[in-house]
A.B. asks: 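One structure follows; several queries about it will come next.
The figures that follow rest on heavy atoms only: side chains count, while hydrogens, waters and symmetry mates do not. In the text below, chain A, chain B and the rest are named by the order of the sequence lines, each starting its count at 1.
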2 protein chains.
Amino acid sequence: MLPAEPCCPPLTERELTAEEAQRTAAMFKALGDPVRLRLFSKVASHPDNEACVCDIADVGVSQPTVSHHLKKLKEAGLLASERRGTWVYYRVEPSVLAAMGQLLSLAPAPAKVA
Amino acid sequence: MLPAEPCCPPLTERELTAEEAQRTAAMFKALGDPVRLRLFSKVASHPDNEACVCDIADVGVSQPTVSHHLKKLKEAGLLASERRGTWVYYRVEPSVLAAMGQLLSLAPAPAKVA
DNA sequence: ACCTTGAATAGACGTACGTCAACATAGAGG
DNA sequence: CCTCTATGTTGACGTACGTCTATTCAAGGT
C-alpha cells in the first residue's frame, strides 16, 4: 500500500495519471467501507479530531475487526495513532482530509459555454 | 446497492449513522479503484463534464472491463449515461460531487481550544 | 440484408476483503 | 509477579471484486 500523501488537482481540472489514481484510490477505498467510514467520522467529529478506541469501538462488529479497520485507515494515511498510557488515541490528518475535499471540488467547470 | 443520493454534513460535524455510512461508503467505494477513478476523472475533466466511452476507454484494461467499471460508477450515482447514435456518453452528476466534497470539508473544527 | 464498429452482458477464475474466535501484547495497580 | 483491562495480531472462512474471453446487442453504412 502506498504512503498516500495529499495529491492532485480537482478531478474536473485534468485527468489523473495512472500513478496518481492508484495513490488517490487507496484513500477513497479506505473510506469505502461502512464500518471504516463510521469509525473515521467518529474520530473526526470528536474534540480536537481525536478519540480513544474505547470511545468509538461501538459500531456493531467485534473488537478485533475494529482494530483491523483502524489499521487500514492508518495505512491509508487518514488516521494517526498514539498510545497514551492505557489507551490508544486515533487522530485525523487534517491536511489529507483537505486534499481529498479539494479533489472533489468542481470549481473551474471547463468549457461550460452556455 | 443503494440509490446513493447526496447526503450528510461534514464528517467533522457529527458522526454518521449506520445508514448514512452505508449510503456514503458506496460512493467512496466506487472511487476506490484506480481504474474507476481514472475513468471518472477523464469524464469529469472533459468539456461539459461529459465524454464518449471511446474517448476515455484507454486505461489499460479490456473494453468489457471498462464497461463494467462505468456501470459501477453509474450504480453508485456518480455518473449518468446516454446513448446518442452510435456512441454512449457518460456525464458526472455535479451535485453528487459537491456533496462528497462538502463531506470532506473540516470547516467547524470543534473544540480546538488551543 | 449484410457487415462493421461501439458498447454491454455472461460466465469463469484468481485474489482481495470483512469478519470472527483464539491468542498475544502493553500498561496499570495491587 | 500476577492479574485485569485495553488493543493488536494470527489464522481461518465465506463472499465480493477485478479481470478476462466469448458472446450479444445497438446503430450505421453499403
A.B. asks: From D/dC17, C/dA7, C/dG18, pick the nucleotide closest to the side chain of B/Cys54?
C.D. replies: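 Closest of the options to the side chain of B/Cys54: C/dA7.
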
A.B. asks: Whether A/Tyr90 contacts D/dA6 is assessed here as follows: a side-chain N or O lying under 4.0 Å from the phosphate OP1 or OP2. Is that the case?
C.D. replies: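 For D/dA6, OP1/OP2 do not have a side-chain N/O of A/Tyr90 under 4.0 Å.
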
A.B. asks: Using a 4.0 Å cut-off on protein heavy atoms (strictly under), produce a 5'-to-3' string for nucleotides 25-30 of chain D with B for base contact, S for backbone-only sugar-phosphate contact, and - for none.
C.D. replies: -SSS--

A.B. asks: Measure the angle between the two terminal helix axes of the helix from C/dA1-D/dT30 to C/dG30-D/dC1, five base pairs each, and quote it to 10°.
C.D. replies: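 Helix axis angle between the two ends: 10°.
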
A.B. asks: Using a cut-off of strictly less than 4.0 Å, decide whether A/His69 has a side-chain nitrogen or oxygen near OP1 or OP2 of C/dC17.
C.D. replies: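 No, outside the criterion.
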
A.B. asks: Counting any heavy atom closer than 4.0 Å, what does A/Tyr89 reach on the DNA or RNA strands: base, sugar-phosphate only, or nothing?
C.D. replies: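 Nothing, no heavy atom under 4.0 Å.
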
A.B. asks: Within the structure shown, what part of the strands sits under 4.0 Å from B/Lys29 by heavy-atom distance: base, sugar-phosphate, or nothing?
C.D. replies: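 The residue B/Lys29 makes sugar-phosphate contact but no base contact.
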
A.B. asks: Excluding sequence neighbours, so at least two apart, what forms side chain to side chain donor-acceptor pair (under 3.5 Å) with A/Ser67?
C.D. replies: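 Side chain to side chain donor-acceptor pair (under 3.5 Å) list for A/Ser67, sorted by chain: empty.
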
A.B. asks: Looking at residues at least two apart in the chain, or sitting in another chain, which of them share a side-chain contact (heavy atoms from CB on, under 4.5 Å) with B/Cys54?
C.D. replies: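 B/Cys54: side-chain contact (heavy atoms from CB on, under 4.5 Å) contacts with B/Cys52, B/Trp87.
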
A.B. asks: Report each atom pair, protein N/O against N/O of nucleotides 20-24 of chain D, whose distance is under 3.5 angstrom.
C.D. replies:
residue	atom	partner	partner atom	Å
D/dC20	OP2	B/Ser62	N	2.8
D/dC20	OP2	B/Ser62	OG	3.0
D/dC20	OP2	B/Thr65	OG1	2.9

A.B. asks: By side chain to side chain donor-acceptor pair (under 3.5 Å), which residues pair with B/Lys71, not counting sequence neighbours?
C.D. replies: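 Result, side chain to side chain donor-acceptor pair (under 3.5 Å) vs B/Lys71: none returned.
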
A.B. asks: Closest to the B/Lys71 side chain: C/dT19, C/dA8, C/dT9?
C.D. replies: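 Selected nucleotide (nearest to the side chain): C/dT9.
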
A.B. asks: A/Pro9: which residues meet the side-chain contact (heavy atoms from CB on, under 4.5 Å) condition with it, sequence neighbours left out?
C.D. replies: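 Here the qualifying residues are A/Glu13, A/Arg14.
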
A.B. asks: Are B/Leu97 and B/Tyr89 linked, directly or through other ILVMFWY residues, by side chains that come within less than 4.5 angstrom of each other?
C.D. replies: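 No: no chain of side-chain contacts under 4.5 Å links B/Leu97 to B/Tyr89.
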
A.B. asks: If a pair satisfies salt bridge (charged side-chain N to carboxylate O under 4.0 Å, His left out) and one of its residues is in residues 35-47 of chain A, list it, with sequence neighbours excluded.
C.D. replies: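 Of all non-adjacent pairs touching residues 35-47 of chain A, those that pass salt bridge (charged side-chain N to carboxylate O under 4.0 Å, His left out) are A/Lys42-B/Glu15.
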
A.B. asks: Rounding to an integer number of Å, can you tell me how far B/Lys72 NZ sits from C/dA8 C1'?
C.D. replies: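 That distance rounds to 15 Å.
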
A.B. asks: Would you kindly give the CG-to-P distance between B/Leu39 and C/dA7, to the nearest whole Å?
C.D. replies: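 Atom CG in B/Leu39 sits about 12 Å away from atom P in C/dA7.
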
A.B. asks: Who are the side chain to side chain donor-acceptor pair (under 3.5 Å) partners of B/Gln63, not counting sequence neighbours?
C.D. replies: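 In terms of side chain to side chain donor-acceptor pair (under 3.5 Å), with neighbours along the sequence ignored, B/Gln63 is linked to no residue.
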
A.B. asks: Does A/Arg84 come within less than 4.0 Å of A/Glu50, counting only side-chain N to carboxylate O?
C.D. replies: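 Looking at A/Arg84 and A/Glu50, the cut-off is met.
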
A.B. asks: With sequence neighbours left out, write down each residue that passes side chain to side chain donor-acceptor pair (under 3.5 Å) with A/Thr86, or none if nothing qualifies.
C.D. replies: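 A/Thr86 satisfies side chain to side chain donor-acceptor pair (under 3.5 Å) with no residue once adjacent residues are dropped.
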
A.B. asks: Of the nucleotides C/dA8, D/dG18, D/dT7, which one has an atom closest to the side chain of B/Ser67?
C.D. replies: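 Looking only at heavy atoms from C-beta outward on B/Ser67, the closest nucleotide is C/dA8.
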
A.B. asks: Indicate, with a heavy-atom threshold strictly under 4.0 Å, whether B/Val66 touches base, sugar-phosphate, or nothing.
C.D. replies: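 Here B/Val66 touches no strand at all.
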
A.B. asks: Once you round it to whole Å, what is the distance between C1' of D/dT7 and NZ of A/Lys74?
C.D. replies: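 To the nearest whole Å, that distance equals 11 Å.
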
